[in-house]
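Taking it in order: structure first as structure tokens, then the write-up.
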2 protein chains.
Amino acid sequence: MSLLNPKKEQEREALCATLLKEKGLSVTAPRKLILGLLLKEHGPFSAEEIQKKLPKNSCDQATIYRCLNQFVETQLVNTSFLEKDMAHFEYNDPHHHHHHIICKICKKIESFHECLMEKIETNLLRKGYKDIQHRLEFFAVCETCAKG
Amino acid sequence: MSLLNPKKEQEREALCATLLKEKGLSVTAPRKLILGLLLKEHGPFSAEEIQKKLPKNSCDQATIYRCLNQFVETQLVNTSFLEKDMAHFEYNDPHHHHHHIICKICKKIESFHECLMEKIETNLLRKGYKDIQHRLEFFAVCETCAKG
DNA sequence: GTATTTTTGCAAATTACTTGCAAAAACATT
DNA sequence: AATGTTTTTGCAAGTAATTTGCAAAAATAC
């Protein structure tokens, strides 16, 4: 069931419901809308961008944040802090592991699939990027907490 | 004034001044204190932690943020968003490139020097970490902005 | 269909971080 | 070393993303 981008609205709706249930989340209108959007468009998007993309007044912003946090906790969605005071969110498709590059000036975000840093940097240089920096961070449960 | 290592203390002060001048920043008391701390202790630290570590009332928090931002702009310091609503700062020692792992529960932060992801993950698993995720992000100036 | 649990919307609160401004410190020049 | 200019600082108030308390509404369980 690895439909990255089901073409039909209906398929996406069904996938949303399945994914939510798999994670033990009840299937509500806002959750379907938000997750549906993230399945349909690639992002990463800020909470504000997500709200603007949804039908007007279909979701309160508090609801959007609550849903996104649940999606992150259940690993349906990944967060990144490409801009320093705003999180971005993106559907976590395990078959399309990738990373981002953001322009320090115009903030344009692009994705790439390479995963060895020297190769990545070489490719980015070839594409014309200058002044490249990267940040790699791991998140896990430490041994102490895993036992407790 | 460290009683333990006056020689090193002096060296650090001199290094601070040199680093600041190299980056075109004037040498002020707050900048010496903050950069000095980051040279002495490894971090990464939040702005609040930095303030607490400095002599009481030696720096306003606005000054701390302003200095840290200048240090980041001049690449004297690196930022990370290990916790979602708070930046952490660390001296950017080009000879000690490394990354971090934060426990999802207790928030303890550790550093490591490996830089190939499979190797890193294997090592972390060996150390007892579970449920490992990572985030790798690049920051650069894109071709368009480099021309403009 | 009804009861119970969960989620939502709204408005207010929180908090990391930023900013305007006057005083103080740093720097350049003599 | 004193002077004038520029930069930086401290303070207090402001900003903006995100969170939270609570009552009403929707989802799930029975």
Nearest whole Å is fine: how far is [N] [atom2] from [X] [atom1]?
{"X": "B:I50", "N": "C:dA16", "atom1": "CD1", "atom2": "C1'", "result": "14 Å"}
{"X": "B:L20", "N": "C:dA26", "atom1": "CG", "atom2": "P", "result": "12 Å"}
{"X": "A:K32", "N": "C:dT6", "atom1": "NZ", "atom2": "C1'", "result": "16 Å"}
{"X": "B:Q51", "N": "C:dA16", "atom1": "CD", "atom2": "P", "result": "12 Å"}

**Message:** Quick test of your reading: applying salt bridge (charged side-chain N to carboxylate O under 4.0 Å, His left out), list the pairs with at least one residue in residues 49-60 of chain B, sequence neighbours left out, ordered by first then second residue.
**Reply:**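 Listed once each, the pairs are B:E41-B:K53, B:E48-B:K52.
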
**Message:** I'd like to compare against my own output: the B/S/- annotation of nucleotides 14-22 of chain D with a strict under-4.0 Å heavy-atom distance to protein.
**Reply:** ---SBBBB-

**Message:** The criterion is salt bridge (Lys or Arg N to Asp or Glu O under 4.0 Å); which residues satisfy it with A:D131, sequence neighbours excluded?
**Reply:**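 Per chain and number, A:D131 pairs via salt bridge (Lys or Arg N to Asp or Glu O under 4.0 Å) with A:K104.
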
**Asked** Got a sec, which residues hit salt bridge (Lys or Arg N to Asp or Glu O under 4.0 Å) with A:K127, two or more places apart in sequence or on another chain?
**Response** none

**Item:** Any residue of residues 100-109 of chain B with a heavy atom less than 4.0 Å from an atom of DNA chain D
**Value:** none

**Message:** Please determine whether the number of non-hydrogen atoms from other residues, nucleotides or ligands lying under 6.0 Å from atom NE2 of B:H98 exceeds 12.
**Reply:** yes

**Item:** Closest non-hydrogen atom pair, A:K108 against B:C142
**Value:**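 Here A:K108 and B:C142 meet closest at NZ-SG, 4.0 Å.
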
When you compare the protein's N or O atoms with those of nucleotides 26-30 of chain D, which come within less than 3.5 Å of each other, and at what distance?
| residue | atom | partner | partner atom | Å |
| --- | --- | --- | --- | --- |
| D:dT28 | OP1 | A:V27 | N | 2.8 |

